[in-house]
Amino acid sequence: CKPTAAPPSPPPAQHFGAIDANRLAHAADQPGEWFTGGGDGSGAYYSNLTQINAANAQKLGFAWDYGLNTNRGLEATPIVVDGTMYTSGNWGRVYALDAATGRELWTYV
């Protein structure tokens with residue numbers, strides 16, 4: 001009788017949007033994140049990232065789009081946490097997208 005191999009371990013759970021009061025209070029230490037509609041807990045709407053500046057802003061291009069399958073007008077301020085962009089749509093829909101590629105991670109309807 002041969003011993004059987006242990007079953008493979010399940011993949012680690014994904015923790016989307018892990019923000020607590022301490023992380024929000026130190027948002028300036030994570031400039032690539034946009035935790036709230038204003039970017040941080042103070043609503044500053046400011047990023048101290050320097051990759052985009054007056055000298056190269058005109059060279060920016062379109063990276064990706066995400067079709068919401070609606071003809072209704074939409075306005076939303078997305079947030080970005082740990083590489084995931086969260087935004088809302090019509091009728092209470094919520095979307096989680098890979099911020100780098102626009103790939104849908106999940107949708108709440």
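Hydrogens, waters and symmetry mates are skipped; everything else that's a heavy atom, side chains included, is used. Predicted model, so just to flag it, every value in this text is computed and none were measured.
A single hydrophobic cluster is seen to contain both L68 and M85, as judged by linkage of ILVMFWY side chains at heavy-atom distances under 4.5 Å, directly or through other members.
The minimum heavy-atom distance between L97 and G102, with the atom names listed, is CD2-O, 4.0 Å. The minimum heavy-atom distance between P31 and N48, with the atom names listed, is CB-OD1, 3.1 Å. Considering every non-hydrogen atom in both R72 and T70, the closest pair reads N-OG1, 3.1 Å. Considering all non-hydrogen atoms of both residues, V80 and A99 come closest at CG1-CB, 4.2 Å. T36 approaches I79 most closely through the heavy-atom pair C-CG2, 3.5 Å. Here the shortest heavy-atom pairing between N53 and N56 reads N-OD1, 2.8 Å.
Crowding of E75 atom CD: a count of heavy atoms from other residues, nucleotides or ligands under 6.0 Å not exceeding 12.
Partners of R23 under the salt bridge (Lys or Arg N to Asp or Glu O under 4.0 Å) rule, at least two apart in sequence or in another chain, are D82. Here D29 pairs with nothing under the side chain to side chain donor-acceptor pair (under 3.5 Å) rule; sequence neighbours left out. With sequence neighbours left out, S47 forms a side chain to side chain donor-acceptor pair (under 3.5 Å) with no residue at all. Considering only residues two or more places apart in sequence or on other chains, S42 meets the side chain to side chain donor-acceptor pair (under 3.5 Å) condition with D40.
Applying the ring-ring contact (aromatic ring centres under 6.0 Å, His included) test to pairs two or more places apart or on separate chains, those with a residue in residues 46-75 are Y66-Y95.
With a 4.5 Å cut-off on side-chain heavy atoms, W34 and Y86 do not count as touching. Side-chain contact between L74 and N90: present, with at least one pair of heavy atoms (C-beta onward) separated by less than 4.5 Å. Between T84 and V81 there is no side-chain heavy-atom pair separated by less than 4.5 Å.
One distance of note links CD of Q30 with CD1 of I19; it measures 9.0 Å at 0.5 Å rounding.
Clustering of Ile, Leu, Val, Met, Phe, Trp and Tyr by side-chain heavy atoms under 4.5 Å joins L60 with I52.
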